[in-house]
Amino acid sequence: MAEHDVHEYSRALVTDIQALADAEGGSIPNTFTQHVLEILEEAGVVTDAALAYHSSRGLEIYGYGMPEDGSSLDLYTTDFNLTPSSSKLTKAESDRLFRRLFAFLGKHGSIRPNQEDNTDVHDMCVGVEKALSSVPKIRLFLLSNRVSTTSAPEPSEFEGIPVTYELWDLARLHRHETSGSIGEPIKVAFERPLPCLAAHSDEPNYSVVLAVIPGRQLAELYKEHRTRLLELNVRSFLQTRGTVNKGIRDTLLKAPGQFLAYNNGVTATASDVDFETDEAGRPIAIRSMTGLQIVNGGQTTASLHHVLTRDKRDLDGVHVQMKLTIVDPAHLSEIVPRISQYSNTQNKVTLVDFSSNHEFHVAFERVSRSLWAPATDGSGQETRWFYERARGQYTDKSAEYETRAAQRKFKLITPTRQRFSKSDLATFVHSWEQLPHWVSRGAQKNFAHFMERIEKSDPVVDVQYCKRAIATSLLFQAADRIARTHSAGSHKRLITTYTVARLSLEAKKRIDLDRIWNEQGTTDALDGALDELCPLVMETVISGDRHVSEWAKKPDCWDEVSRIPWALPAALATELTADPFEIASPESTESDEAEAAVEDIPSEEWQALADWAREGRVLRSVDRQLADRVAQRLSQGRRVVGAQARQAIEVYEDALRQGFHPVPADLDHETA
């Protein structure tokens with residue numbers, strides 16, 4: 001994470017919190033707490049969070065959360081600094097804040113009698129007392145706008161209940177705020193315009209120019225943009241292990257002046273180019289390019305960078321020929337694969353390789369690489385999943401870190417077990433989509449069918465899509481481990497895909513993929529169901545005198561497996577969601593509808609609802625606070641969006657069911 005980016009985020013955060021606190025008439029720490037809790041609710045980290053500030057000797061708490069499913073009791077405390085860059089949150093400070101928060105667990109009973117019945121702190125004390133009788137775990141959250149120098153404390157317990165600690169400092173908040181962001185097109189400006197020769201073309205969607213670019217300049221471009229420069233490439237740089245790369249490096253080291261003669265150069269695309277022209281209007285030099293991509297010649301580009309940075313050669317006298325195609329952005333996915341295919345002669349390239357530059361995979365890589373997977377081992381260390389859109393990207397990325405310590409850190413954050421390829425993705429999704437007979441036909445055929453379905457459905461590749469797709473990977477891995485324990489042997493992958501498909505069918509796709517993502521794994525109930533189902537699937541797939549591999553490829557095999565007499569265990573049935581989980585669900589549409597519905601209700605009505613609920617004590621504290629916030633935002637001309645809008649509409653409908661009248665009684669009387 002760039003230090004500059006974190007600094008800018010920190011400064012903007014303080015400004016926003018001050019403005020919000022001033023507009024809403026609240027305290028700055030409370031406003032910050034609410035802001036962060038909204039972020040965490042949107043990310044699915046917390047639910048039903050409510051503010052309730054209380055401080056006394058040795059104790060401080062800012063709020064609490066009790067998810068409706070009873071999965072945890074959450075308590076929140078805050079550290080907010082108006083000049084966060086002036087100091088860091090030390091271990092001693094964070095430990096003290098966690099101790100003061102923990103103290104509430106033991107003292108809430110003595111606090112309650114001193115609170116009026118209609119206060120948020122009273123509600124919190126009542127809720128915590130009730131939760132402690134049945135809750136399976138307690139989570140303590142410290143929210144800070146400073147960068148922490150330490151990690152959260154080790155798990156502990158309170159009266160036999162496990163207690164975990166979550167430290168959300170500035171760096172972690174920044175990661176989550178930027179998670180899922182998409183990179184901007186690469187723009188390159190040449191101090192000295194690059195001479196070029198334009199080829200005449202009557203084609204409306206693209207044109208071609210030839211140029212010679214200094215090798216150092218190409219190496220510097222790779223140094224700045226790394227593999228973003230190769231996003232539309234069918235392969236990634238595989239270091240210097242192959243003969244082609246070794247030859248490139250040898251030429252650069254031993255005969256740099258002859259590099260132009262020996263090397264095939266690079267093939268590039270751009271969406272827009274600013275030319276210098278002659279008197280006739282013909283392009284003669286390139287001033288700048290937008291959307292630059294190296295679609296063939298990635299190994300040449302990365303080798304130049306390697307020699308410049310690792311071998312410490314200045315690359316003077318090294319020049320590289322470049323064929324640049326200016327492509328209308330609307331036709332990138334159509335034209336670029338052909339450019340890659342017809343210009344690539346180095347190694348065997350498969351169908352999977354040629355789909356690397358498809359817009360679906362480019363988008364999936366960008367979004368998935370920016371996601372941070374929740375920490376689930378108590379260490380607080382979040383990790384990344386690595387989608388290998390082109391072969392060798394993981395190795396290439398690891399090689400960017402020059403020291404062993406840096407490489408170890410990369411692999412800690414991006415473990416090998418969380419690397420997956422395009423064909424892996426097709427396997428995971430098709431298993432969930434109940435197409436195991438396609439998965440059984442092998443990576444290439446299954447992937448081809450996957451791409452056919454992508455072309456027809458044209459899914460929106462957003463954060464939700466990627467999280468749910470990765471969740472199917474975690475489900476597949478769990479089934480794979482269980483198939484191993486049942487001695488599936490060489491047929492393990494076939495058994496795994498059929499087991500996942502049969503489970504998906506029986507559950508009607510109501511396995512909670514969002515929960516799998518949030519917990520980065522499957523539940524005990526889900527593992528138990530897989531363990532029960534797997535041997536039944538084996539009996540059908542591995543049976544009689546059939547050739548197992550050929551039998552598994554047939555739709556008839558899936559037909560038989562789908563009719564295996566088996567019902568979901570009761571433990572798993574209780575975990576199912578109300579609606580099926582499609583990988584790309586219409587949540588964004590639901591959010592849009594909820595946002596519009598919220599805005600249709602006047603701010604005065606929201607405030608009346610909050611006052612009515614507070615006086616009659618008919619809604620939860622968190623719901624009353626939500627109605628207050630919505631009223632404030634609407635009165636200030638601000639929008640209520642996303643999960644908060646959906647929750648607000650649920651609160652409004654619940655209030656109507658419990659007797660809330662949108663029009664005040666006196667107004668009814670006057671109107672009458």
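All heavy atoms count here, side chains included; hydrogens, waters and symmetry mates do not.
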NZ (K107) with more than 12 external heavy atoms under 6.0 Å
yes
Residue pairs fulfilling salt bridge (charged side-chain N to carboxylate O under 4.0 Å, His left out) with at least one residue in residues 405-416, sequence neighbours excluded
none
Under 3.5 Å donor-acceptor, T15 side chain and R11 backbone
yes
As a quick check of understanding, evaluate ring pair (Phe, Tyr, Trp, His ring centres under 6.0 Å) for Y62 and Y76, giving each step before the final call.
CA-CA 5 Å; Y62 277 80; Y76 314 112; over 10 Å; no
Do V630 and V651 come close enough that some side-chain heavy atom pair is under 4.5 Å?
no
Would you check if the side chain of R624 reaches a backbone N or O of A610 as a donor-acceptor pair within less than 3.5 Å?
no
Please report the closest heavy-atom contact between S151 and L167, naming both atoms and the distance.
C-CD2, 4.2 Å
Yes or no on side chain to side chain contact (heavy atoms under 4.5 Å, CB included) for R620 and M66, after CA distance, side-chain angles and deciding distance?
CA-CA 11 Å; R620 298 178 305 163; M66 293 185 293; over 6 Å; no
For residues Q18 and L82, determine if any side-chain heavy atom of one lies less than 4.5 Å from a side-chain heavy atom of the other.
yes
Exceeds 12 heavy-atom contacts within 6.0 angstrom, atom CG of D600
yes
Any chance you could measure T485, atom OG1, to D531, atom CG, to the nearest 0.5 Å?
5.5 Å
Smallest separation among heavy atoms of K137 and I161, with atom names:
CA-CG2, 3.8 Å
Does A525 offer a backbone N or O that forms a donor-acceptor pair with the side chain of E575 under 3.5 Å?
no
For residues W606 and S635, determine if any side-chain heavy atom of one lies less than 4.5 Å from a side-chain heavy atom of the other.
no
Can you confirm whether D95 sits close enough to T150 that some side-chain heavy atom of one is under 4.5 Å from a side-chain heavy atom of the other?
no
Shortest non-hydrogen pair, T31 vs S27, comes out as OG1-O, 2.8 Å
Taking E388 for its side chain and Y394 for its backbone only, find out whether a donor-acceptor pair lies under 3.5 Å.
yes
Decide yes or no for V128 and M124: does some side-chain heavy atom of the first lie under 4.5 Å from some side-chain heavy atom of the second?
yes
Please test V598 against Y652 for side chain to side chain contact (heavy atoms under 4.5 Å, CB included), starting from the C-alpha separation and ending with a verdict.
CA-CA 9 Å; V598 168; Y652 185 84; over 6 Å; no
Can you find a heavy atom in the side chain of L20 that is under 4.5 Å from one in the side chain of R638?
yes
Might you point out which heavy atoms bring A483 and C534 nearest each other, and give the distance in Å?
CA-SG, 3.7 Å
Which value, rounded to the nearest 0.5 Å, describes the distance between I17 atom CD1 and I28 atom CD1?
9.0 Å
Taking the side chain from R369 and the backbone from Y387, do they hold a donor-acceptor pair closer than 3.5 Å?
yes
Does the side chain of S473 pick up a donor-acceptor pair with the side chain of Q477 at under 3.5 Å?
yes
Check whether any side-chain N or O of E93 sits under 3.5 Å from a backbone N or O of T90 as a donor-acceptor pair, and report yes or no.
yes
Got a second to check how far I413's CD1 is from T383's OG1, nearest 0.5 Å?
9.0 Å
Between L475 and L503, is there a side-chain heavy-atom distance shorter than 4.5 Å?
yes
Whether the side chain of R112 engages the backbone of V126 through a donor-acceptor N/O pair (distance < 3.5 Å, no angle test) should be reported.
no
What's the separation between atom OG1 in T472 and atom CG in L425, rounded to the nearest 0.5 Å?
7.0 Å
Working for side chain to side chain contact (heavy atoms under 4.5 Å, CB included), residues V14 and F80:
CA-CA 9 Å; V14 170; F80 187 84; 4.3 Å; yes
Between T33 (side chain only) and P29 (backbone N and O only), is there a donor and an acceptor less than 3.5 Å apart?
yes
With D79, which of K88, R96, R100, R146 fulfils salt bridge (Lys or Arg N to Asp or Glu O under 4.0 Å)?
R146
Keeping T77 on the side-chain end and L142 on the backbone end, is there a donor-acceptor pair under 3.5 Å?
no
Heavy-atom closest pair, residues E605 and F660:
O-CZ, 3.8 Å
Does L89 reach the side chain of N81, with side-chain heavy atoms less than 4.5 Å apart?
no
Using the six-membered ring wherever Trp is involved, compare the ring planes of F364 and F420 and label them parallel, tilted or perpendicular (cut-offs 30° and 60°).
perpendicular
Audit row: Y465, V367, side chain to side chain contact (heavy atoms under 4.5 Å, CB included) steps and yes/no
CA-CA 9 Å; Y465 183 96; V367 178; over 6 Å; no
Whether E365 and K397 form a salt bridge (side-chain N of Lys/Arg under 4.0 Å from carboxylate O of Asp/Glu) is what I want to check.
no
Does the side chain of Q658 pick up a donor-acceptor pair with the side chain of W612 at under 3.5 Å?
no
Paired with R614, the salt bridge (Lys or Arg N to Asp or Glu O under 4.0 Å) test is passed by just one of D628, D120, D123, namely D628
Which pair of heavy atoms, one from A645 and one from E595, lies closest together, and at what distance?
CB-CG, 3.7 Å
Using the side-chain contact (heavy atoms from CB on, under 4.5 Å) criterion, which residues pair with S156? Sequence neighbours excluded.
F102, V163, Y165
Can a donor-acceptor pair be found, under 3.5 Å and without considering hydrogens, that links the side chain of E519 to the backbone of I516?
no
May I ask you to say whether R172 pairs ionically with D169, meaning some side-chain N is under 4.0 Å from a carboxylate O?
no
Distance in Å, S398 OG paired with R419 CZ, rounded so as to fall on 0.5 Å steps
9.5 Å
Can you list every ring pair (Phe, Tyr, Trp, His ring centres under 6.0 Å) pair that touches residues 466-485, not counting sequence neighbours?
F428-F476
How far apart are the C-alpha atoms of D527 and T522, what are their side-chain angles, what is the distance that settles it, and do they pass the side chain to side chain donor-acceptor pair (under 3.5 Å) test?
CA-CA 7 Å; D527 287 344; T522 48; 2.6 Å; yes
State plainly whether the residues D514 and R468 are in salt-bridge range, i.e. N to O under 4.0 Å.
yes
Working to the nearest 0.5 Å, report the span between SG of C125 and NE2 of H54.
7.0 Å
